[in-house]
Amino acid sequence: MTPDQSPLGKTTDYVDQYDPSLLFPLPRELKRVEIGITGSVPFLGADLWTAFELSWLNPKGKPQVAIAHITIPCESTHIVESKSFKLYLNSFNNTRMDSADAVRDRIRDDISRAIWGGEAVKSSAGVRLLLPELFECEPVKELEGVSIDRLDVECDTYQPTPAFLSAALDEKPVDEVLVSDLLRSNCPVTGQPDWGSVQIRYSGPQIDQAGLLQYIVSFRNHNEFHEQCVERIYMDIMARCKPAKLMVYARYTRRGGLDINPWRSSHPQLPPANTRTARQ
């Protein structure tokens with residue numbers, strides 16, 4: 001399947017009865033080959049989704065609502081196209097379910113099958129539902145780190161340009177966390193802008209911050225899904241700056257009640273908290 005075959009950018013009938021066939025998986029392989037990944041992926045991580053528009057009916061027909069946190073392992077063979085994800089969640093709207101746990105389990109099972117392209121599920125998606133009594137516990141917090149957006153740099157390149165990246169390979173290594181709110185890319189099907197913030201945590205030769213900022217800005221007119229952009233950033237930094245450890249984490253603003261927040265790491269660690277930023 002290819003993105004142009006998905007419901008993205010097309011007039012769509014909204015189904016309000018549960019229908020898992022609405023999920024549209026897209027293979028990760030083609031875009032990974034483009035950035036030099038073949039076989040097993042050279043990183044760990046996950047795609048952290050937040051679904052703000054989830055509702056169903058209880059056995060008496062009374063509407064229920066929840067926020068869903070969904071974790072999709074990066075080693076899965078497929079991603080789920082976001083509009084199809086929204087359509088799928090909408091299909092619960094007039095569906096009677098026994099409990100929130102039943103909704104959670106159904107979503108977990110359906111997403112897990114989709115991200116493995118219908119083949120054997122090697123690792124399941126994680127799903128956690130937050131019910132209204134806990135909504136006030138959802139914090140808003142910016143990504144921690146040193147903002148490189150403070151730098152007054154010249155920007156005139158708006159397609160990904162790894163040549164901007166460099167590091168002090170002959171100097172003492174450092175541990176740094178750098179952040180930028182200037183990440184923007186475009187949907188590869190509709191051309192609509194996707195706005196994001198990115199956090200880069202690394203150990204190794206010190207990365208030139210001005211060049212890193214120019215590199216992040218260079219995604220501005222690039223057409224690629226969120227997950228693919230983050231993997232491209234990870235691979236380019238690894239190749240050009242040679243850190244001993246690297247983590248790239250991006251939080252994109254929501255569209256259609258969904259936000260997607262890819263996280264990739266060179267080493268085992270707990271995933272970041274799926275905590276929204278002010279723009280989300």
Side-chain angles (χ1 to χ4, degrees), residues 28 30-47 74 142-186 188 193-252 260-269 271-272 277 279:
R28 296 185 189 266
L30 292 177
K31 296 302 291 187
R32 284 180 169 172
V33 168
E34 189 177 298
I35 57 174
I37 300 174
T38 57
S40 300
V41 292
F43 42 66
L44 305 170
D47 305 322
C74 73
E142 298 307 298
L143 294 172
E144 66 174 25
V146 176
S147 174
I148 59 175
D149 298 344
R150 73 189 189 283
L151 301 173
D152 185 20
V153 299
E154 186 84 23
C155 297
D156 57 8
T157 302
Y158 304 112
Q159 289 293 338
T161 306
F164 283 129
L165 295 169
S166 65
L169 301 177
D170 56 349
E171 296 181 7
K172 184 178 179 180
V174 301
D175 295 301
E176 279 192 323
V177 183
L178 306 175
V179 297
S180 174
D181 295 314
L182 301 186
L183 178 62
R184 197 201 91 155
S185 53
N186 300 315
D194 294 319
W195 305 93
S197 299
V198 61
Q199 179 188 65
I200 296 162
R201 184 186 299 269
Y202 75 97
S203 300
Q206 187 164 36
I207 295 174
D208 177 70
Q209 294 184 12
L212 177 62
L213 180 57
Q214 289 172 309
Y215 170 73
I216 290 169
V217 170
S218 75
F219 278 76
R220 193 168 183 83
N221 292 340
H222 180 59
N223 299 329
E224 205 164 46
F225 290 125
H226 306 353
E227 301 93 333
Q228 297 160 351
C229 286
V230 168
E231 292 184 358
R232 185 179 294 275
I233 292 170
Y234 179 97
M235 294 297 288
D236 284 346
I237 292 176
M238 267 295 186
R240 302 281 303 189
C241 302
K242 306 188 185 309
K245 291 185 176 180
L246 175 64
M247 185 199 79
V248 179
Y249 177 38
R251 295 199 63 89
Y252 281 87
I260 307 171
N261 311 287
W263 158 65
R264 301 293 183 266
S265 175
S266 63
H267 53 285
Q269 60 177 224
T277 65
R279 290 199 298 170

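With Ser203 contributing its side chain and Lys245 its backbone, the two residues share no donor-acceptor pair below 3.5 Å. Side-chain atoms of Arg264 come within 3.5 Å of backbone N or O of Ala46 as a donor-acceptor pair. Formation of a donor-acceptor pair under 3.5 Å by the Gln228 side chain with backbone atoms of Phe225 is found in this model. One N or O on the side chain of Arg184 and one on the backbone of Arg220 form a donor-acceptor pair closer than 3.5 Å. Side chain of Gln214 to backbone of Glu154: a donor-acceptor contact under 3.5 angstrom is found. Looking at Thr161, its side chain never comes within 3.5 Å of a backbone N or O of Ala163 through a donor-acceptor pair. For the pair Tyr202 (side chain) and Val248 (backbone), a donor-acceptor distance under 3.5 Å is absent. Counting only distance, with no hydrogens or angles, the side chain of Asp149 and the backbone of Asp181 share a donor-acceptor pair below 3.5 Å.
In this structure, the side chains of Val177 and Ile200 stay at 4.5 Å or more apart for every pair of heavy atoms. Contact annotation: the side chain of Met238 approaches that of Ser266 to within less than 4.5 Å [non-hydrogen atoms, C-beta and beyond]. Counting only heavy atoms from C-beta outward, the side chains of Pro262 and Tyr249 never approach each other to under 4.5 Å. Considering only heavy atoms from C-beta on, Gln159 stays 4.5 Å or farther from Ser218 through its side chain. The shortest distance between side-chain heavy atoms of Ile148 and Leu212 falls below 4.5 Å. Two residues are said to be in side-chain contact when any heavy atoms from C-beta on lie closer than 4.5 Å; Val217 and Tyr158 meet this criterion. Counting heavy atoms from C-beta on, the side chains of Leu165 and Ile237 come closer than 4.5 Å.
Ion pairing of Arg232 with Glu34 is present here, as a side-chain N (NZ or NE/NH1/NH2) and a carboxylate O approach within less than 4.0 Å. Look at Lys31 and Glu224 and you find a salt bridge, because one of the NZ, NE, NH1 or NH2 atoms lies within 4.0 Å of a carboxylate O, short of that distance.
Nearest heavy-atom pair across Pro205 and Pro243 is CD-CA, 4.3 Å. Of all the heavy atoms in Asp194 and Asn186, the pair that sits closest is OD2-C, 3.7 Å. Shown here for Pro42 and Tyr234, the closest heavy-atom pair between the two residues is O-OH, 3.7 Å.
Rounding to the nearest 0.5 Å gives a distance of 11.5 Å between CD of Glu176 and CZ of Arg201. With values rounded to the nearest 0.5 angstrom, Cys74 atom SG is found 5.5 Å from Phe43 atom CZ. The CD1 atom of Ile207 sits 11.0 Å away from atom OH of Tyr215, with the distance rounded to the nearest 0.5 Å. Within the model, atoms OG of Ser185 and CD1 of Ile216 stand 12.0 Å from one another, a figure rounded to the nearest 0.5 Å. Interatomic distance, Leu169 CG to Lys242 NZ, rounded to the nearest 0.5 Å: 7.0 Å. Put simply, OG on Ser180 and CG on Leu213 are 5.5 Å apart, with the number rounded to the nearest 0.5 Å.
Between the side chains of Arg150 and Gln209, at least one donor N or O sits under 3.5 Å from an acceptor N or O. Side chains of Asn261 and Tyr252: a donor-acceptor N/O pair is absent below 3.5 angstrom, by distance only. With no hydrogens or angles considered, no side-chain donor-acceptor pair links Gln199 and Glu144 at under 3.5 Å.
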field: Candidate pair Phe219 and Leu183, rule side chain to side chain contact (heavy atoms under 4.5 Å, CB included), full reasoning
entry: CA-CA 7 Å; Phe219 278 76; Leu183 178 62; 4.1 Å; yes
field: Val146 vs Val179, side chain to side chain contact (heavy atoms under 4.5 Å, CB included): CA-CA, chis, key distance, verdict
entry: CA-CA 6 Å; Val146 176; Val179 297; over 6 Å; no
- request: Would you check, one step at a time, whether the test salt bridge (Lys or Arg N to Asp or Glu O under 4.0 Å) holds for Arg28 with Asp47?
  value: CA-CA 12 Å; Arg28 296 185 189 266; Asp47 305 322; 2.9 Å; yes
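A side-chain hydrogen bond (donor to acceptor under 3.5 Å, both in side chains) with Ser197 is found for one member of Arg279, Glu142, Arg251 and no other, namely Arg279.
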